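Here's the structure, in structure tokens; my notes come after.
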2 protein chains.
Amino acid sequence: MKRKRSYSKITRQALSILGKLIRVGRVERGMTAQELADRAGISRTTLYNIEKGAPGAEIGTVFEVAALVGVRLFEFDDRTLAMHNARLDEKLTLLPKSVRHSRQEVDDDF
Amino acid sequence: MKRKRSYSKITRQALSILGKLIRVGRVERGMTAQELADRAGISRTTLYNIEKGAPGAEIGTVFEVAALVGVRLFEFDDRTLAMHNARLDEKLTLLPKSVRHSRQEVDDDF
DNA sequence: TCACAATGACCATTAAAGTGAACATAATAT
DNA sequence: ATATTATGTTCACTTTAATGGTCATTGTGA
């Protein structure tokens with residue numbers, strides 16, 4: 001079953017910031033909550049929660065809203081994202097496909 | 001009712017990148033999927049989905065995992081986040097509390 | 001090589017997120 | 001000032017995501 005979660009302070013702060021960035025972006029662009037919600041295809045209630053930094057919101061929705069008000073999480077144009085994506089794929093091929101723990105090695109990074 | 005969503009290309013790419021960053025971070029640190037899932041307090045299935053860039057994952061969970069493998073979305077230490085948070089609060093007090101559309105103004109940003 | 005650990009992938013179950021309605025309160029254009 | 005619009009907040013309902021299990025496949029240490 002889905003479980004109720006608790007989140008670290010850093011996560012909560014990051015989400016709070018993201019929510020505020022979205023709100024600032026929205027207000028600066030003169031959009032009402034309802035308008036932004038409509039454009040994003042979500043309810044005003046959900047946008048409300050997102051702007052409050054709710055940890056349970058779906059990440060896809062949040063990213064979508066962020067893009068609509070000009071909040072860029074990474075580099076935020078199609079080309080740059082594709083580039084990074086490709087570079088990561090390369091990097092992944094170089095890394096082991098699966099992480100195997102040797103018998104005695106404790107593997108604590110120190 | 002909760003609705004099935006569709007996401008823009010940019011959102012899908014950003015999520016794909018984030019998932020790969022997490023996977024790279026995990027593998028570089030020599031953690032198995034199960035180990036990271038345990039530390040994050042989620043199931044391996046969910047981590048699997050996150051690493052695949054699933055848009056439906058909860059943002060709090062994704063941020064939590066990202067932090068655990070050293071992927072920084074914003075500035076990722078407590079102090080810096082607090083600073084940004086405070087600065088945003090300031091900014092918000094300067095902006096209108098609610099966006100009001102004047103009668104005839106169409107308000108399309110051009 | 002090859003045993004076995006790690007990952008990929010699917011499924012039924014269950015709790016939680018999204019929704020829209022509703023209402024109160026706050027803010028702003030006139 | 002005030003009418004009206006935007007926002008804050010709660011709630012029952014419904015759908016979806018997280019879970020844990022399971023099994024096949026892949027990768028790697030010995």
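Chain A is the first sequence line, chain B the second, and so forth, proteins listed ahead of strands; every chain is numbered from 1. Just so it is clear, the structure is predicted and the values come from calculations on it, not from any experiment.
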When rounded to whole Å, the CG to P distance for the pair A:Asn49 and D:dT9 reads 10 Å
Margin query: Can you tell me if B:Tyr48 touches the phosphate of C:dA9, counting only side-chain N or O atoms and a distance under 4.0 Å to OP1 or OP2?
Written below: yes
Per atom distances to the B:Lys4 side chain, the nearest of D:dT16, C:dG18, C:dA16 is D:dT16
Result for 5'-nearest mapping on DNA chain D, choosing between B:Glu58 and A:Glu51, is A:Glu51
Whichever of B:Pro96 and A:Pro55 has the more 5' nearest nucleotide on DNA chain C, that residue is A:Pro55
So CD of B:Glu90 and CG of B:Leu95: to nearest 0.5 Å the spacing works out to 11.5 Å
Ranking D:dG27, D:dT7, C:dT19 by distance to the side chain of A:Thr32, first place goes to D:dT7
Does the B:Arg5 side chain pair with the main chain of A:Gly41, one donor and one acceptor, at a distance under 3.5 Å?
yes
- Is the shortest side-chain N/O distance from A:Thr46 to OP1 or OP2 of C:dT19 below 4.0 Å? yes
Of the candidates D:dT7, D:dG27, D:dA17, the side chain of B:Lys2 sits closest to D:dA17
Taken in chain and number order and not counting sequence neighbours, the residues that satisfy salt bridge (Lys or Arg N to Asp or Glu O under 4.0 Å) with A:Asp38 are none
Exercise. Does A:Arg23 have a side-chain nitrogen or oxygen under 4.0 Å from the phosphate oxygens OP1 or OP2 of D:dG8?
Worked result: yes
Which of D:dG27, D:dT19, D:dT10 is nearest the side chain of A:Ser98? It is D:dG27
B:Leu94 atom CG is separated from C:dA27 atom P, nearest whole Å, by 15 Å
* To do: Answer with yes or no whether the side chains of A:Asp77 and A:Thr80 bring together a donor and an acceptor at under 3.5 Å.
  => yes
note: A:Lys52, atom NZ; D:dT7, atom C1'; distance rounded to Å ~ 11 Å
Rounded to 10°, the helix from C:dT1-D:dA30 to C:dT30-D:dA1 deviates from straight, judged by its five-pair end axes, by 70°
Whole-Å distance, B:Arg5 CZ to C:dG18 P, equals 7 Å
Is a side-chain donor or acceptor of A:Glu35 paired with a backbone partner of A:Thr32 at a separation under 3.5 angstrom?
yes
*Side-chain touch B:Leu18/A:Phe74, heavy atoms, less than 4.5 angstrom*: yes
Task: Contact check, side chains of A:Leu15 and A:Tyr7, non-hydrogen atoms, under 4.5 Å - done: no
Worksheet entry | N/O donor-acceptor pair under 3.5 Å between A:Glu64 side chain and B:Ser8 backbone | yes
C:dG8 base to B:Arg44 side chain: any donor-acceptor pair below 3.5 Å?
-> yes
Have a look at A:Gly60 and say if it touches a base, only the backbone sugar-phosphate, or nothing, with a 4.0 Å heavy-atom cut-off. nothing
Rounded to whole Å, CG of A:Leu47 lies from P of D:dT9 at a distance of 14 Å
Atom CG of B:Asp38 and atom P of D:dT19 are separated, to the nearest Å, by 11 Å
To the nearest angstrom, the CD-C1' distance between A:Glu35 and D:dT5 comes to 12 Å
Worksheet entry | Under-3.5 Å donor-acceptor pair between B:Arg3 side chain and C:dG20 base | no
Comparing B:Val99 with A:Lys97, nearest DNA chain D nucleotide closer to 5' gives the residue B:Val99
From CE of A:Met1 across to P of C:dA12 the rounded distance in Å is 18 Å
Say whether, by atom type as modelled, one donor and one acceptor occur between the side chain of B:Arg26 and the main chain of B:Val69 under 3.5 angstrom.
no
Exercise. Mind checking B:Ala54 for me? I need base, sugar-phosphate or nothing, with any heavy atom below 4.0 Å counting as a touch.
Key: nothing
Could you tell me whether the side chain of B:Arg100 has a donor or acceptor atom within less than 3.5 Å of a complementary atom in the base of D:dT4? yes
Can you tell me if the side-chain N/O atoms of A:Arg26 get under 4.0 Å from OP1 or OP2 in D:dT7? yes
